[in-house]
Every structure is written in C-alpha cells, then in structure tokens.
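These numbers were taken from a predicted model, which means no experiment stands behind them. Letters go in sequence order (proteins before strands), and every chain restarts at 1.
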Amino acid sequence: RKEVEQDPGPFNVPEGATVAFNCTYSNSASQSFFWYRQDCRKEPKLLMSVYSSGNEDGRFTAQLNRASQYISLLIRDSKLSDSATYLCVVNRVNDWTGANNLFFGTGTRLTVIP
Amino acid sequence: DGGITQSPKYLFRKEGQNVTLSCEQNLNHDAMYWYRQDPGQGLRLIYYSQIVNDFQKGDIAEGYSVSREKKESFPLTVTSAQKNPTAFYLCASSRSPSGNEQFFGPGTRLTVL
C-alpha cells in the first residue's frame, strides 16, 4: 500500500467553483501534514500545513482527521491561477536518524476553466 | 536573495556516462535532500544529509552517489548503474533534520539518450 494516496484527478472546474481534494495516509505514526502546490515543470512549493483543528488561509481550507488518516483541501472561488498540481505530503521522523522524512502523494491536477 | 539553486536546468547524457547534478543553498540549512520525480509518481527520496560529511540512503539510492563536503552544497552523481536515470531531479533543504518544511530548488531535468 502506498504511504500517501490521493484522488487521481484531473479536476476541471469553472472559475468561481469550489473544489475539494482528498488524501489518505497509511502510517499512523505520521506526525505532520502538508499541501504543496506544483506548477507544470516547476518545483513543489508549500501551500499550507494541515492541523488537527483545521486551518484556513484565504480561499483555502485544510482539514485533518487522524482517526481516519484522512486529509482534505478545499478551494473556494477558484481562480485561473489556481491551476496546478496539488501534492499531499506527510512527515514522519525517522526513529534511527531523527531525520525528517517526507512522503509525497502523486498529486491531483486542477485546471480552472474561464 | 536566499534560496536553493540547481544547475543545469536541462541535461542530456549518453547512456553509460556518469553525470553530476549541482545543488547549492545559501539558507544556512543543515539538512539537504535529493528526490526524483517521474510521471504519475510522487517524489521519491534518493539520499539525504543531516549535517556536513554525513548522508543516508533514501528509498531509491541504488545507482546514485552523493557528497556533503560543505554545508551549502550537496551534489548528486547519477552513475551508469542507474537503470532508468531519465527523470526530474529535485533538491531540497530544511533548517534542521527534524524541520518540517522543506524548500525546493527549481530542479534538473535529466534525459539519457
């Protein structure tokens, strides 16, 4: 089973729509959770961290359900500039080395249509 | 400006040749990482380094080698032993080995002909 699994997409939505992405992770020892955004042929960039209490940043809302090992990202009032691939990322600290290991989902591609 | 640089952006090599990808950061970060990204797959960890002169294998280290002689530099060598080297290679750094946020360089797209 993959460490992180995401909706395969693609999602094609009109401007102004609300869209939600889901993600599940397999290891209950995972400690931190993130959404990264990756534009075509570019590097991933941190969009937002995800907290158990849920968190919001403008039009973006992230939720975490530890019991279900489930993470979500909601984008309201979609803009053309939101078109990108959204990566679900989970962090576990390596017990041997103490290093921060990130595990990436394959990403969900979003296209916002005029 | 602080950041991570990778060079070159595009690289072409003949099969059987070793090639070294550059990664430099001026963020004063302790930890550095190398990932590869293939179509339809998530980023996979190749090697990481928590401190100068130390590094550990990631999930797919076979056919790769690294060095960490300086804090700001973490070059990756793709050897001829790597069976499928064509990929998008991303370097990242974090403030400390246990730091949550990783910052990525712009990547090097390697094509082996």
Looking at Pro44(A), Ser32(A), Cys88(A), which makes the most heavy-atom pairs under 4.5 Å with chain B?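 Option with the greatest count: Pro44(A).
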
So, do Val66(B) and Thr77(B) sit near enough that their side-chain heavy atoms are less than 4.5 Å apart?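 No, too far: nothing below the 4.5 Å cut-off.
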
When the ring planes of Trp34(B) and Phe74(B) are compared, do they come out parallel, tilted or perpendicular, using 30° and 60° as the limits?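 Ring orientation, 0 to 90° scale: tilted.
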
Indicate whether any N or O donor in one side chain lies under 3.5 Å from an N or O acceptor in the other, for Tyr35(B) and Gln102(B).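 Yes.
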
Test item: side-chain donor near acceptor, Ser94(B) and Tyr33(B), under 3.5 Å: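 A donor-acceptor contact under 3.5 Å links the two side chains.
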
If you count heavy-atom pairs under 4.5 Å with chain A, which of Gly42(B), Gly107(B), Gly58(B) comes out on top?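 The residue among Gly42(B), Gly107(B), Gly58(B) with the greatest pair count is Gly42(B).
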
In terms of heavy-atom proximity below 4.5 Å to chain A, should [X] be classed as side chain, backbone, both, or neither?
X        : result
Leu43(B) : both
Gln56(B) : side chain
Arg44(B) : neither
Gln6(B)  : neither

Heavy-atom contact with chain B under 4.5 Å, split by part of Gln38(A):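 Contact with chain B involves the side chain of Gln38(A) alone.
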
What about the rings of Tyr25(A) and Tyr70(A), do their centers lie closer together than 6.0 Å?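 So the answer is no for these two rings.
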
Output yes when Asp54(B) and Arg68(B) qualify as a salt bridge under the 4.0 Å nitrogen-oxygen rule, no when they do not.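 Salt bridge absent between Asp54(B) and Arg68(B).
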
